[in-house]
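Values below: all heavy atoms of this structure, side chains included; hydrogens, waters and symmetry mates excluded.
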Amino acid sequence: MPTRILIADDQEGIRSAFRIILDAQPDMTVVGEAADGRAAIDTATAIRPDVVLADIRMPGADGIEVTRALAGTGIHVVIVTTFGLDEYVHTALRHGASGFVLKRSGPALLVEAIRAAMNGDMLISPQLTVRLLRERGLPRQQPDVVLTEREDEVVRLVALGRTNAEIAAELFLSPGTVKNHVAAVQRKTGARNRVAVAAWAWATGRAEP
């Protein structure tokens, strides 16, 4: 079944452009649009899409409020915005966003962010990754955690923003095996998710820009 997507943006031109891009994908279909955050929440609750693409700044309710309202429903929210402010990124991820993509990143990254969300991954625009992971608030897990050689390779690629599928292709592994490695690293480091794993890698010098 194709991934069902709801587009929430207060600019009609943006919604139309996203619809053209996403409907052209063989594994995706746009099932609705919303011009403000409140309509996005109501529509998502009614039609239950797999993914909501939500702009960060919208009338009625912003993208953060949309993310918070849909947390725990099984609906993935990917923030797509012009504004890559640190506060927005951290707040969106803290409230359960499944991705954060800048509009200027291009259509390919938009498509991959949706696929990543559906695979349980999280994609953040590369322009934001280094800044996000190197600023204050990095997790303080112990740097002397012992990883296997393969786990080290996986962690390095997670820190570079790769999805499980991309890591699997690069290391000639199955996506399931990569997922197991990421889970093992999370247990060893105490990281709650792959963003925290990446942050730990940057903080302990296991990944470099």
Side-chain angles (χ1 to χ4, degrees), residues 3 5 7-9 14 18 21-22 25 28 50-58 62-68 70-71 75-139 141 153-170 175 178-179 181-183 185-186 189 191-204 206-209:
T3 298
I5 303 162
I7 301 171
D9 195 293
I14 295 293
F18 283 175
I21 292 166
L22 300 176
Q25 307 305 312
M28 299 179 187
D50 299 305
V51 176
V52 174
L53 292 182
D55 191 12
I56 200 77
R57 292 184 179 178
M58 292 184 289
D62 62 20
I64 302 299
E65 293 177 82
V66 172
T67 302
R68 187 186 300 118
L70 297 179
I75 300 172
H76 303 286
V77 178
V78 175
I79 299 295
V80 186
T81 180
T82 305
F83 308 98
L85 301 179
D86 292 351
E87 178 185 355
Y88 287 158
V89 180
H90 277 296
T91 304
L93 298 181
R94 187 167 63 247
H95 287 290
S98 296
F100 199 104
V101 181
L102 296 177
K103 290 177 180 177
R104 64 177 180 272
S105 295
L109 199 71
L110 177 68
V111 169
E112 289 309 311
I114 294 171
R115 291 183 178 138
M118 292 299 293
N119 288 329
D121 293 329
M122 180 183 296
L123 193 152
I124 301 172
S125 285
Q127 300 98 313
L128 302 174
T129 304
V130 173
R131 192 182 75 218
L132 172 67
L133 299 179
R134 304 201 102 195
E135 65 180 16
R136 72 180 187 274
L138 290 172
Q141 292 92 354
E153 293 175 321
V154 170
V155 164
R156 178 179 58 81
L157 293 173
V158 167
L160 294 176
R162 304 288 197 276
T163 66
N164 283 357
E166 291 170 334
I167 295 171
E170 186 162 338
V178 173
K179 185 176 182 179
H181 283 312
V182 173
V185 172
Q186 286 182 228
T189 62
R192 292 189 301 171
N193 51 44
R194 66 191 296 112
V195 173
V197 167
W200 175 82
W202 288 106
T204 58
R206 291 176 182 268
E208 295 294 335

request  = Rounded to the nearest 0.5 Å, what's the gap from NE2 on His95 to OG1 on Thr67? Could you check?
outcome  =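 OG1 of Thr67 is found 8.5 Å from NE2 of His95.
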Checklist line | Test: Asp9 and Lys103 ion pair at under 4.0 Å | finding: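 The answer is yes: the pair qualifies as a salt bridge.
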**Message:** Does this structure show an ion pair linking Glu112 with Arg115, if we count only N-O contacts that are shorter than 4.0 Å?
**Reply:**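 Answer for the salt bridge query: yes.
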Can you find a heavy atom in the side chain of [X] that is under 4.5 Å from one in the side chain of [Y]?
{"X": "Val182", "Y": "Asn164", "value": "yes"}
{"X": "Leu53", "Y": "Ile114", "value": "yes"}
{"X": "Ile75", "Y": "Asp50", "value": "no"}
{"X": "Leu109", "Y": "Val111", "value": "no"}
{"X": "Val66", "Y": "Met58", "value": "yes"}
{"X": "Phe100", "Y": "Val78", "value": "no"}

Search all heavy atoms of [X] against all heavy atoms of [Y] and return the closest pair with its distance.
{"X": "Ala97", "Y": "Met122", "result": "O-CE, 3.5 Å"}
{"X": "Ile79", "Y": "Ala92", "result": "CG1-CB, 4.0 Å"}
{"X": "Leu70", "Y": "Val77", "result": "CD1-CG2, 3.9 Å"}

(request) Check whether any side-chain N or O of Gln25 sits under 3.5 Å from a backbone N or O of Leu22 as a donor-acceptor pair, and report yes or no. (result)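 Side chain of Gln25 to backbone of Leu22, a donor-acceptor pair under 3.5 Å: no, none is there.
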- Message: Among Ile167, Val154, Asp121, Leu123, exactly one meets side-chain contact (heavy atoms from CB on, under 4.5 Å) together with Arg162. Which residue is that?
- Response: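 One option only clears the test, and that one is Ile167.
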